Peer 1: 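The structure that follows is given in the form of structure tokens.
Every chain is numbered from 1 and lettered A, B, ... according to where its sequence line falls, protein lines coming before strand lines. All values reported here derive from a predicted model rather than from experimental measurement. All values below were derived from every heavy atom in this structure, side-chain atoms included, with hydrogens, water molecules and symmetry-related copies excluded.
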Amino acid sequence: MKKKVDAVIIGAGPAGMAAAVSLRENGIKNILLVDREPVAGGILQQCIHNGFGVHHFKEELTGPEYAERYIEQINKNKIDLWLDSCVIDIENNSKNSKTVVILSKERGISYITAKVVVLAMGCRERNRGNINIPGRRPAGIMTAGTAQKLVNIYGYLPGREVVILGSGDIGLIMARRMTWEGANVKAVIELQSYPGGLNRNIVQCLNDFNIPLYLSHTISNILGNNRIEAVEVSPLDENFEAIKSESFTLKCDTLLLSVGLIPENELSIKIGVKLDPVTRGACVDKNLMTNIPGIFSCGNVLQVHDLVDFVSEEAKNCGASAAKYINGKLEKSEEIPIRKGNLIRYVLPGKIEKGKPALLSLRPINPAENLYLVITTDTGVELFKRKYKNIFPSVMLRINIDIVPDDAEFIEIKFEK
Amino acid sequence: MKKELICINCPQGCNLEVEFDKEKILSVEGNNCKMGLTYAEEEVFHPVRMVTTTAAVMNGFIKLLPVKTSCPIDKSLTPNIVKEISKIKAEAPIRLGDIIIKNVLNTGADILATRTVKKNV
Ligand SMILES: Cc1cc2nc3c(=O)[nH]c(=O)nc-3n(C[C@H](O)[C@H](O)[C@H](O)COP(=O)(O)OP(=O)(O)OC[C@H]3O[C@@H](n4cnc5c(N)ncnc54)[C@H](O)[C@@H]3O)c2cc1C
């Protein structure tokens, strides 16, 4: 099948849905939203716990509830949604024409030509291969998100004696979920000296069930032939080397990995979108447009978010810029770079426009207390200053700058005492 | 008595230092907003939690219905409530917000569907 539209959005998670609604609200009629799953909603459908929407809807929702609010808007706006349809390629024909190649059981192969493409493919979890755990290769080792899908969508309990590596929020949420479903969660093991997930999840997912959290520890060996039988846990020295003389074993039949997320950018790389080595998402300008004119990016495929509320906000802005691009109204004033100073792991976007307001997302390198976040121009003008009692890499900060001065050559962002 | 708590009301997770006697809270420190005060009081005298789990669903286009308690419930009852919900077989069609169990285990809380499930045709 061949078809022409104004915009194709790849991925119908919260990012793709919010971008689609925003495109429509900005007057774009001919939109196609595509997802390879049988339902829209993305990762939210398996996140049945509460904790979504506190900022955006001013109430605490579960993942499926948050998803459903956007699905309703997609339906109400009569946005064309293709499910069970996987995008396998994008071609860049010209500034105003891209061809998106889609495979689906229902329609076979389709070539859709669009003026803009919005990348909203989300991210996937790092797995054993990404972190190189030594040992045998038995069954029973999977990512926490896979276990979440098995338990919450398909109704299978993947194991009874569980060890979790990594203290990211998905791992913590799964510790509670598996416990409630009757499994015995023996421990959560964390490489860093601080937890990766939110404090509230440490309390309600671990402490409530007396599940021990071993900080500055790792799994140094996996034992078992057909099925995993035990893991060897070792404390780490300052150089993150396992202290084998102090290691101990934990018997288990399942090992869940919650060791980080990677934006799913294979399609983007193929078409030549430039990625940022830190975020592993696209390098974008203030309009969330990539280095390829007409290709935009938002949500977890751009930067890993901990709050879906910010995903929706980012995607809304992205849809608005994409609409302007379609109408030939996306203007760009002169851009200046943002320099990362003390304790800043990344800041996004990497460039901002002179004379305009800007919205920055950033994360610190490590946790710290009682610091000021300061943003200054090279000319010495202070654009922002706020005190933070605590900062954590797991908590993204979002900062509004009213106006970027016209005479600045760059701005610097840093934490200081 | 003194206790250190972490407020779970929002992702900030404030570290609270709570002082209390047998009947009441004497002081709370470290909270960034009012929710911290209510949390400290509840957590010391009668801790409560939300429960989110799944129930089986018949004739639906999915096999499991995600559900939640209509309000936070007595923390010690959470395992019993999960068990209670696992006995249920809900019938599609179901709409988001439908009551699946009324006044579950006399807690005053209802169990609500958190997803719309159409009938499988
Ligand atoms: C386990 C877990 C717990 C979380 N807990 C919370 C929480 O408590 N509170 C909170 O606010 N946030 C939470 N988050 C974060 C939040 O859910 C995410 O930030 C958000 O869902 C990201 O949205 P997205 O649309 O970018 O990505 P996703 O939801 O991942 O959606 C991406 C979609 O793209 C589709 N796709 C990818 N590639 C293709 C392709 N080639 N063709 C077609 N379709 C494709 C996928 O099928 C998917 O549906 C959690 C996340 C996880 C994983």
Peer 1: Does atom OH of A:Tyr372 have more than 12 heavy-atom neighbours, drawn from other residues, nucleotides or ligands, at distances under 6.0 Å?
Peer 2: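 It does not: A:Tyr372 OH has 12 such atoms or fewer within range.
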Peer 1: Select one option (side chain, backbone, both, neither) describing which atoms of B:Ile6 are under 4.5 Å from chain A's heavy atoms.
Peer 2: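 Both backbone and side chain of B:Ile6 come within 4.5 Å of chain A.
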Peer 1: To the nearest 0.5 Å, what is the distance between CG on B:Asn15 and CG on A:Asn199?
Peer 2: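 So the gap between those two atoms works out to 6.0 Å.
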Peer 1: Taking A:Glu68 for its side chain and B:Thr116 for its backbone only, find out whether a donor-acceptor pair lies under 3.5 Å.
Peer 2: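 Flag set: sc A:Glu68 to bb B:Thr116 pair under 3.5 Å.
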Peer 1: Please classify the contact of A:Ile202 with chain B as side chain, backbone, both or neither, using a heavy-atom distance under 4.5 Å.
Peer 2: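 Neither the backbone nor the side chain of A:Ile202 comes within 4.5 Å of chain B.
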Peer 1: Kindly indicate whether the side chain of B:Leu64, heavy atoms from C-beta on, has any atom under 4.5 Å from the side chain of A:Tyr154.
Peer 2: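 SC-SC contact between B:Leu64 and A:Tyr154 ruled out.
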Peer 1: Got more than 12 heavy atoms from elsewhere within 6.0 Å of CZ, B:Arg95?
Peer 2: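 No, not enclosed.
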Peer 1: Please identify, among A:Leu198, A:Val54, A:Ile153, the residue contributing the most non-hydrogen atom pairs under 4.5 Å to chain B.
Peer 2: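 The option with the most such pairs is A:Ile153.
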Peer 1: Write down the atom of B:Arg115, the atom of A:Pro64, and the distance for their closest heavy-atom approach.
Peer 2: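 Between these two residues, the closest heavy atoms are CB-CB, 4.2 Å.
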Peer 1: Heavy-atom distances under 4.5 Å only: say whether A:Val151 touches chain B with side chain, backbone, both or neither.
Peer 2: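 Interface part for A:Val151: backbone (N, CA, C, O).
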Peer 1: For the interface with chain A, which of B:Thr114, B:Asn32, B:Leu5, B:Thr78 has the highest count of heavy-atom pairs at distances below 4.5 Å?
Peer 2: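 With the most close heavy-atom pairs to chain A, the winner is B:Thr114.
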Peer 1: Just wondering, are more than 12 heavy atoms of other shown residues or ligands nearer than 6.0 Å to CZ in A:Arg160?
Peer 2: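 No.
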Peer 1: What are the two closest heavy atoms between B:Cys7 and A:Arg200, and how far apart are they?
Peer 2: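 Looking at all heavy atoms of both residues, the shortest contact is O-CB, 4.4 Å.
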Peer 1: For B:Phe61, does the CZ atom sit with more than 12 other heavy atoms under 6.0 Å from it, leaving out its own atoms?
Peer 2: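 Yes, because the 6.0 Å sphere around CZ of B:Phe61 holds more than 12 heavy atoms from other groups.
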Peer 1: If you count heavy-atom pairs under 4.5 Å with chain A, which of B:Asn9, B:Val67, B:Val82, B:Ile62 comes out on top?
Peer 2: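 Of B:Asn9, B:Val67, B:Val82, B:Ile62, B:Val82 has the most heavy-atom pairs under 4.5 Å with chain A.
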Peer 1: May I ask you to name which of B:Leu65, B:Ile8, B:Val51, B:Thr54 has the most heavy-atom pairs under 4.5 Å with chain A?
Peer 2: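 It is B:Ile8.
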Peer 1: Do A:Arg177 and B:Thr53 have side-chain atoms, one donor and one acceptor, less than 3.5 Å apart?
Peer 2: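 There is such a pair (donor and acceptor under 3.5 Å, judged by atom type) between the side chains of A:Arg177 and B:Thr53.
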Peer 1: Evaluate the side-chain proximity of A:Val203 to B:Arg49: yes if any heavy-atom separation is below 4.5 Å, no if none is.
Peer 2: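 B:Arg49 vs A:Val203: side chains touch.
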Peer 1: Is it the case that more than 12 heavy atoms not belonging to B:Glu29 sit under 6.0 Å from its CD atom?
Peer 2: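 Result for CD/B:Glu29: open.
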Peer 1: Are the side chains of B:Leu96 and A:Glu65 in contact, using a 4.5 Å heavy-atom criterion?
Peer 2: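 They are in contact (side-chain heavy atoms under 4.5 Å apart), so the answer is yes.
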Peer 1: Within a radius of less than 6.0 Å around NZ of B:Lys75, do more than 12 heavy atoms belonging to other residues, nucleotides or ligands occur?
Peer 2: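 Above 12, so yes.
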Peer 1: Just wondering, do A:His49 and B:Met50 contact through their side chains at under 4.5 Å, heavy atoms?
Peer 2: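 With C-beta onward as the side chain, the pair stays apart.
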